[in-house]
A.B. asks: 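There's a structure below that I have some questions on.
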Amino acid sequence: MTRPDYGWPLPEAIERRLGRESYGAQRAIHEDGHLLLVLHEPPQNAGGDREHAVFLRTPDGAWAFHGQPGGEQVLRRLLDRYQEQLAKGLAAYDQADDAADLFALMERVRPVARAAGNLYAALQAAREAIKGDAELITARDRAVDLQRGLELLLADAQLALNFRLAQQAEAQTRAALANHRAQEKLNTLAAWTAPLMAVGAVFGMNLRSGGEAMDAWLFWAVLVAGMVVGWWVKAWVQRPPPPEKKKALSSAKARAGGKPARR
């Protein structure tokens with residue numbers, strides 16, 4: 001692969017600073033009154049593949065893009081495409097419902113934020129090299145806003161993701177503690193009933209109680225009483241702890257309410 005030649009006259013000093021295969025990273029090269037501005041299109045995938053956008057400003061103030069005039073308008077549209085990526089990221093953040101959505105958002109936004117940071121650095125270097133160009137000043141200022149917006153979006157998404165993970169960990173801890181308390185109560189019931197069952201198994205339970213000759217309603221009464229006792233045992237096993245014991249578990253819940261507010 002060889003570096004594209006756009007047919008514009010580049011000073012020898014600039015040619016010496018370019019590689020043979022590619023224009024390389026985003027940067028500004030100022031030699032002999034010429035400014036070569038190497039920028040990248042916003043990445044369209046998580047891999048962050050680079051697509052170059054190369055501008056040339058001649059000493060008379062004319063801008064070109066890939067060897068064609070009208071570079072100022074192309075530079076503005078390039079910044080517009082970064083702005084569109086930021087707007088899409090903000091919309092996706094507002095619609096994110098779970099940790100998977102937030103992780104996918106961060107995966108898409110991170111290469112764009114990295115490219116926007118390098119874009120700003122290149123435009124700032126160009127601004128320092130040529131101090132009176134209004135087009136460069138405007139582009140540099142827009143790049144500052146883009147970089148800050150993308151960084152804030154990434155920070156907010158990371159904070160929201162951490163919050164969701166903390167909520168899930170807290171819910172799992174509560175469920176584990178509830179299962180532990182239920183197991184303790186079931187062990188207590190087993191400790192009460194195991195000796196009685198052992199004695200009954202050894203000596204048998206065929207005792208005369210006088211109820212053998214009673215009407216069938218006694219059977220149904222005993223059945224209903226057993227169901228009531230079973231319901232009470234189930235409620236006792238699943239009963240949550242008193243409020244004072246739940247205080248440590250519910251401290252984070254008082255602050256819960258979804259994703260952190262956008263800054």
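Keep in mind that what you see is a predicted model, and the values were worked out from it rather than measured. Just so you know, these numbers use all the heavy atoms, side chains as well, and skip hydrogens, waters and symmetry mates.
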A.B. asks: What heavy-atom pair brings Ala115 and Pro43 nearest, and what distance separates the two atoms?
C.D. replies: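 It is CB-CD, 3.8 Å.
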A.B. asks: Taking Arg108 for the side chain and Gly89 for the main chain, is one N or O donor matched with an acceptor at less than 3.5 Å?
C.D. replies: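 Looks like no, no N/O pair under 3.5 Å.
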A.B. asks: To the closest 0.5 Å, what do you measure between NE2 (His34) and CD1 (Ile130)?
C.D. replies: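 Reported value, rounded in 0.5 Å steps: 10.0 Å.
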A.B. asks: Is there a donor-acceptor contact under 3.5 Å from the side chain of Gln26 to the main chain of His40?
C.D. replies: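 Checking the backbone N and O of His40 against the side chain of Gln26, a donor-acceptor pair under 3.5 Å is found.
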A.B. asks: Is it the case that the side chains of Asn162 and Gln158 hold a donor-acceptor pair, with the cut-off being a distance below 3.5 Å and no angle test?
C.D. replies: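 A pair is found: one side chain offers a donor N or O, the other an acceptor, under 3.5 Å apart.
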A.B. asks: What's the shortest heavy-atom distance between Glu107 and Pro111, and which atoms?
C.D. replies: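 Heavy-atom minimum between the residues: O-CD, 3.3 Å.
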A.B. asks: What distance do Leu159 atom CG and Leu154 atom CG have between them, rounded to the nearest 0.5 Å?
C.D. replies: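 Rounded to the nearest 0.5 Å, the CG-CG separation comes out at 12.5 Å.
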A.B. asks: Measuring from atom CD of Gln95 to atom CG of Asp97, what distance do you get when rounded to the nearest 0.5 angstrom?
C.D. replies: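 So the gap between those two atoms works out to 8.5 Å.
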A.B. asks: Give every donor-acceptor pair under 3.5 Å between a side-chain atom in residues 117-129 and any protein atom, sequence neighbours left out.
C.D. replies:
unit_1 : atom_1 : unit_2 : atom_2 : d
Asn118 : ND2    : Arg114 : O      : 3.4
Gln124 : OE1    : Arg140 : NH1    : 2.8
Gln124 : NE2    : Glu128 : OE2    : 3.1
Arg127 : NH1    : Lys131 : O      : 2.9

A.B. asks: Apply side-chain contact (heavy atoms from CB on, under 4.5 Å) to the pair Leu161 and Leu165, showing each step before the final yes or no.
C.D. replies: CA-CA 6 Å; Leu161 180 61; Leu165 294 177; 4.3 Å; yes
A.B. asks: Please list all pairs passing the salt bridge (charged side-chain N to carboxylate O under 4.0 Å, His left out) test where one or both residues lie in residues 57-67, with sequence neighbours left out.
C.D. replies: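 Passing the test, one end in residues 57-67: Arg57-Asp133.
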A.B. asks: Decide whether Leu78 and Leu56 are clustered together by the hydrophobic rule: side chain heavy atoms of Ile, Leu, Val, Met, Phe, Trp, Tyr closer than 4.5 Å, transitively.
C.D. replies: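 Different hydrophobic clusters.
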A.B. asks: Same cluster or not: are Ile14 and Phe65 linked, directly or through other Ile, Leu, Val, Met, Phe, Trp or Tyr residues, by side-chain heavy atoms under 4.5 angstrom apart?
C.D. replies: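 In one cluster with Ile14: Phe65, no.
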A.B. asks: Indicate yes or no: at least one non-hydrogen side-chain atom of Tyr23 is less than 4.5 angstrom from one of Ile29.
C.D. replies: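 No; the side chains remain at least 4.5 Å from each other.
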A.B. asks: Does the side chain of Thr2 come within less than 4.5 Å of Glu21's, by heavy atoms?
C.D. replies: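 With C-beta onward as the side chain, the pair stays apart.
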A.B. asks: Is a side-chain N or O of Tyr82 found less than 3.5 angstrom from the main chain of Val112, in a donor-acceptor match?
C.D. replies: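 No, Tyr82 side chain to Val112 backbone: no donor-acceptor pair under 3.5 Å.
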A.B. asks: Is there a side-chain contact (heavy atoms from CB on, under 4.5 Å) between Tyr93 and Leu102? Walk through the geometry before answering.
C.D. replies: CA-CA 7 Å; Tyr93 175 83; Leu102 290 169; 4.3 Å; yes
A.B. asks: Identify the heavy atoms of Gly19 and Arg3 that sit nearest to each other, and give their distance.
C.D. replies: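 Shortest heavy-atom contact: O-NE, 2.7 Å.
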A.B. asks: In the single-linkage hydrophobic clustering (I, L, V, M, F, W, Y; side-chain heavy atoms under 4.5 Å), do Val109 and Leu86 co-cluster?
C.D. replies: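 Yes.
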A.B. asks: So, taking the atom named OG1 in Thr173 and the one named CD in Gln168, what distance separates them when rounded to the nearest 0.5 Å?
C.D. replies: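 It is 11.5 Å, given to the nearest 0.5 Å.
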A.B. asks: Going by side-chain hydrogen bond (donor to acceptor under 3.5 Å, both in side chains), name the residues that satisfy it together with Gln83, two or more places apart in sequence or in a different chain.
C.D. replies: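 So Gln83 forms no side-chain hydrogen bond (donor to acceptor under 3.5 Å, both in side chains) with any residue.
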A.B. asks: How long is the span from the CG atom in Asp145 to the CG atom in Leu150, to the nearest 0.5 Å?
C.D. replies: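 Atom-to-atom, Asp145:CG and Leu150:CG are 11.0 Å apart.
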A.B. asks: Does any non-hydrogen side-chain atom of Leu75 lie less than 4.5 Å from one of Leu39?
C.D. replies: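 Counting from C-beta outward, Leu39 and Leu75 do come under 4.5 Å.
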A.B. asks: Same cluster or not: are Leu37 and Leu79 linked, directly or through other Ile, Leu, Val, Met, Phe, Trp or Tyr residues, by side-chain heavy atoms under 4.5 angstrom apart?
C.D. replies: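 Result: yes, single cluster for both.
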A.B. asks: Please work out which of the three classes, parallel, tilted or perpendicular, describes the rings of Tyr6 and His66, given edges at 30° and 60°.
C.D. replies: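 Parallel, since the angle between the ring planes stays under 30°.
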A.B. asks: Any sub-3.5 Å donor-acceptor pair from Glu15's side-chain atoms to Leu10's backbone N or O?
C.D. replies: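 No: the side chain of Glu15 does not pair with the backbone of Leu10.
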A.B. asks: Around atom CZ of Arg81, are there more than 12 heavy atoms of other residues, nucleotides or ligands at under 6.0 Å?
C.D. replies: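 Enclosed: over 12 neighbouring heavy atoms sit under 6.0 Å from CZ of Arg81.
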A.B. asks: Give, for atom NE2 of His30 and atom CZ of Arg17, the distance between the pair rounded to the nearest 0.5 Å.
C.D. replies: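 So the NE2 of His30 and the CZ of Arg17 are separated by 10.5 Å.
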A.B. asks: Going by an N to O cut-off under 4.0 Å, is there a salt bridge joining Glu170 and Arg174?
C.D. replies: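 Looking at Glu170 and Arg174, the cut-off is met.
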A.B. asks: Heavy atoms, side chains only, cut-off 4.5 Å: are Val54 and Trp8 in contact?
C.D. replies: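 Yes, at least one pair of side-chain atoms sits under 4.5 Å.
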A.B. asks: Taking only Lys NZ, Arg NE, NH1 and NH2, and the carboxylate oxygens of Asp or Glu, determine whether Arg142 and Asp80 approach each other closer than 4.0 Å.
C.D. replies: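 Answer for the salt bridge query: yes.
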A.B. asks: Is there a continuous path of hydrophobic side-chain contacts, each under 4.5 Å between heavy atoms, that joins Trp63 to Val74?
C.D. replies: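 Linked, Trp63 and Val74 end up in one cluster.
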A.B. asks: Check Ala96 against Arg164 and note the closest heavy-atom contact, atom names and distance.
C.D. replies: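 Scanning both residues, the minimum pair turns out to be O-NH2, 4.0 Å.
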A.B. asks: Which pair of non-hydrogen atoms, one from Val38 and one from Gly24, has the smallest distance, and what is that distance?
C.D. replies: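 Heavy atoms of Val38 and Gly24 come nearest at CG1-O, 4.1 Å.
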